[in-house]
Amino acid sequence: MNMLELIEKKRDGGVISKEEIEFFVRGVTDRSIPDYQISAFLMAVLWRGMNDEETADLTISMAKSGKICDLSDIPGVKVDKHSTGGVGDKVTPILLPIVSSFGVPCVKLSGRGLGFTGGTIDKFESIEGFCTSVEPSDFKNKIERFGLLLGGQTSDLAPCDKYLYALRDVTGTVPSIPLIASSIMSKKIAGGSDAIVLDITCGSGAFMKDIESARELARRMIAIGKLAGKPVTCVMSSMQQPLGIMVGNILEMQEAVSVLQGRGREDVKNVVLTMASEMLKLTPFGKGKEIDELKKLCNEKLENGEAFAKFGDLVLSQGGVLQSDGTPVYVDKSFEVMTVYAEKDGYISSCDALSVGEASCLLGAGRMEKEDVIDMGAGIRLYKKIGDKVSRGEELFTLYTGTKAPVSDDRIDEALFHMQDAYVISDSPVTAPKEILEVIS
Ligand code: URA
């Protein structure tokens, strides 16, 4: 078998056999295929696509490229969650403690942010002392003691995806449905959970720009789950504008903490409660219960402080530092660079998630390149969201930077330019977009 023939076959719209896919995955994992041929193949897949069988073969082969976690000696149904990525997405730090406070074991393996989307691992690492490298051999012990854990993708878990994802990010080959489906599902299968709930973000600040592509991605991942014997539920959420009002690592953790303290905004709560309820629905506790009833029960966990207490357990169990009021100590602070005010009266008709994500990245909250150091304090606070009424002179947004990775004035100017582009004020009233677009299982 040779890689050039494989590239040419896909380039010309051919179907790749299981043996050929295994050859490709082996060659990526042991580095015997050079990056330029891997990249050419990825680009051919992006243009020509893959059928269901090819996508499933790629997923299973990628999952088997490293260790498959065996969580079978942890009692109970283990439900995992993953998001296809977004701007201001602080769902995981709120959702894990809620689900865990029902006694459901939660093992969450998360990724870092790349490009304009944030990553859960980076957000947790904004907490002083929090350690995200948990060895699979420690999972059982941690779950028995604390009920939940949050770890990064270790080098022996789906290593082929780790390598492919980094290459995709720098070759313009991320937004391919079969490549996203296999990337996510290979990690979820290797992670060893019994059932999976996926947040498929949809809109300018997501890889899936429209609902049709989001549905197709959902269909593929549900089909892969079926093949692997794991029930999959897909929640399609809007990423037309950022989720909540804070974007950036420390800022998003602070917003997540305020939701956990029962003070959160409705848009964030709605996505969190929907995802948490769908996760519970896949466990014996939630079986037979209506989603609205589960949402109500999850909300009670926010209001009675149980979820906040669980969050504290999670932080302490992984070496993080808390203040006496239970809120985290962060590795840095956010310093205001400037606040921008509305220039006219009207209604917010756009708060474009992609532009906000790019602006936040420029301020230092995300990586422009793989090796970049993140400025944990950097980010943006939004005062107005789509549908809000605004008066001339009212605050629209504030830009922040931290102290750990200062950026140049040019980058701050560019961030400001993106933010001014993100906001549009119209004269007539605008309806706020729904956060949850569809749920498919
Ligand atoms: N998240 C992943 O883990 N992989 C992708 O390809 C896209 C989002």
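Using a cut-off of 4.0 Å between Lys/Arg side-chain N and Asp/Glu carboxylate O, R411 and E414 are scored as not salt-bridged. Between E216 and R220, at least one side-chain nitrogen of the basic residue sits less than 4.0 Å from a carboxylate oxygen of the acidic one, meeting the salt-bridge criterion.
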Mind listing the side-chain donor-acceptor pairs of residues 60-68 below 3.5 Å, one per line with the distance, residues two or more places apart or on another chain?
unit_1 : atom_1 : unit_2 : atom_2 : d
S65    : OG     : M62    : O      : 2.6
S65    : OG     : C160   : N      : 3.2
K67    : NZ     : D156   : OD2    : 3.2

Listed pairs under 3.5 Å, donor-acceptor, residues 234-242 side chains, sequence neighbours left out:
unit_1 : atom_1 : unit_2 : atom_2 : d
S237   : OG     : D199   : OD1    : 2.7
S238   : OG     : Q240   : N      : 3.3
Q241   : OE1    : I386   : N      : 2.9

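V134 and C131 make their closest contact through CG2-O, 4.5 Å (heavy atoms, listed as atom of the first residue, atom of the second, distance). Taking all atoms of both residues into account, the shortest heavy-atom contact from L399 to I380 is CD2-CG1, 3.9 Å. Residue A365 comes nearest to G248 through the heavy atom pair CB-CA, 4.0 Å, listed as atom of the first residue, atom of the second, then distance. Nearest heavy atom pair, residue L150 against residue F130, reads CD2-CE2, 4.3 Å. The two residues I196 and K230 make their nearest non-hydrogen contact at CD1-CD, 4.1 Å. When all heavy atoms are compared, the tightest approach of G225 to V232 is CA-CG2, 3.8 Å.
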For the pair T339 and T398, evaluate side chain to side chain donor-acceptor pair (under 3.5 Å) and give the outcome as yes or no after the intermediate values. CA-CA 4 Å; T339 294; T398 298; 2.8 Å; yes
Would D89 and S83 count as a side chain to side chain donor-acceptor pair (under 3.5 Å) if you check the C-alpha gap in whole Å, the side-chain angles of each, and the deciding distance to 0.1 Å? CA-CA 9 Å; D89 178 353; S83 162; 3.0 Å; yes
Decide side chain to side chain donor-acceptor pair (under 3.5 Å) for S350 and D352; before the verdict, give the C-alpha distance in whole Å, the side-chain angles of both, and the deciding distance to 0.1 Å. CA-CA 6 Å; S350 163; D352 183 62; 5.2 Å; no
If you apply the rule side-chain contact (heavy atoms from CB on, under 4.5 Å), what do you find for V356 with M419, and how did you get there? CA-CA 6 Å; V356 178; M419 284 306 295; 4.0 Å; yes
Set out, in order, the CA-CA distance, both residues' side-chain angles and the distance that settles side chain to side chain donor-acceptor pair (under 3.5 Å) for D210 and S213, then state yes or no. CA-CA 6 Å; D210 54 64; S213 331; 2.6 Å; yes
Apply side-chain contact (heavy atoms from CB on, under 4.5 Å) to residues L302 and I94 and explain how you reach the verdict. CA-CA 9 Å; L302 290 177; I94 314 167; 4.1 Å; yes
Which is it for K142 and Q318 under the side-chain contact (heavy atoms from CB on, under 4.5 Å) test, yes or no, and what are the steps along the way? CA-CA 9 Å; K142 278 227 172 332; Q318 296 194 214; 4.1 Å; yes
When you look at M253 and Y330, which way does the side-chain contact (heavy atoms from CB on, under 4.5 Å) test go after all the steps? CA-CA 9 Å; M253 274 318 258; Y330 296 102; 3.6 Å; yes
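No donor-acceptor pair under 3.5 Å is formed between the side chain of K389 and the backbone N or O of Y347. In terms of modelled atom types and a separation under 3.5 Å, the side chain of T201 and the main chain of G85 share a donor-acceptor contact. Side-chain atoms of K310 never come within 3.5 Å of backbone atoms of L96 as a donor-acceptor pair (strictly under, hydrogens ignored). Remark: side-chain polar atoms of R168 are paired, donor with acceptor, to backbone N or O of T173 under 3.5 angstrom. Formation of a donor-acceptor pair under 3.5 Å by the E255 side chain with backbone atoms of I245 is found in this model. A donor-acceptor pair under 3.5 Å is formed between the side chain of K385 and the backbone N or O of G244.
The side-chain heavy atoms of I425 and K384, taken from C-beta on, include no pair separated by under 4.5 Å. Within the 4.5 Å cutoff, the side chain of V87 has no heavy atoms near those of the S360 side chain. Side-chain atoms of L179 and F207, non-hydrogen and from C-beta on, never get closer than 4.5 Å to each other. With a 4.5 Å cut-off on side-chain heavy atoms, L109 and F139 count as touching. Between V329 and L322, every side-chain heavy-atom pair lies at or beyond the 4.5 Å cut-off. By the 4.5 Å heavy-atom criterion applied to side chains, V340 and L416 are counted as neighbours. With contacts defined as side-chain heavy-atom distances shorter than 4.5 Å, the pair L294/F285 qualifies. Between F308 and T327, some side-chain heavy-atom pair lies under the 4.5 Å cut-off.
A search for side chain to side chain donor-acceptor pair (under 3.5 Å) contacts involving K140 returns E144, not counting sequence neighbours. Under the salt bridge (Lys or Arg N to Asp or Glu O under 4.0 Å) criterion, D194 pairs with K78, sequence neighbours left out.
Both tests pass for K301 against the ring of F102: distance under 6.0 Å to the centre and angle within 45° of the axis.
The salt bridge (Lys or Arg N to Asp or Glu O under 4.0 Å) pairs that include a residue from residues 273-297 number zero, where partners must be two or more places apart or lie in different chains. Within the structure, every pair that satisfies the side-chain hydrogen bond (donor to acceptor under 3.5 Å, both in side chains) test and touches residues 428-439, not counting sequence neighbours, is listed here: R215-E438, N270-E435.
Within 6.0 Å of NZ in K344 there are more than 12 heavy atoms belonging to other residues, nucleotides or ligands. Within 6.0 Å of CD on E300 lie more than 12 heavy atoms contributed by other residues, nucleotides or ligands.
Separating the CG atom in L382 from the SG atom in C351 is a distance of 4.5 Å, to the nearest 0.5 Å. Within the model, atoms CZ of F335 and CG of D375 stand 10.0 Å from one another, a figure rounded to the nearest 0.5 Å. To the nearest 0.5 angstrom, I16 atom CD1 is 11.5 Å from R48 atom CZ. Remark: E125 CD to I121 CD1 distance equals 6.5 Å, nearest 0.5 Å. In this structure, the separation between CE on M275 and SG on C298 is 11.5 Å, given to the nearest 0.5 Å. The distance from atom CG of N249 to atom OG of S126, rounded to the nearest 0.5 Å, is 6.0 Å.
A side-chain donor-acceptor contact under 3.5 Å links K81 and T92. With hydrogens and angles left out, the side-chain atoms of E53 and N51 include no donor and acceptor closer than 3.5 Å.
Screening L42, V15, V45, L46 for a side chain to side chain contact (heavy atoms under 4.5 Å, CB included) with K10, the sole residue that qualifies is V45.
Using cut-offs of 30° and 60° on the angle between ring planes, the pair Y423 and F397 is parallel.
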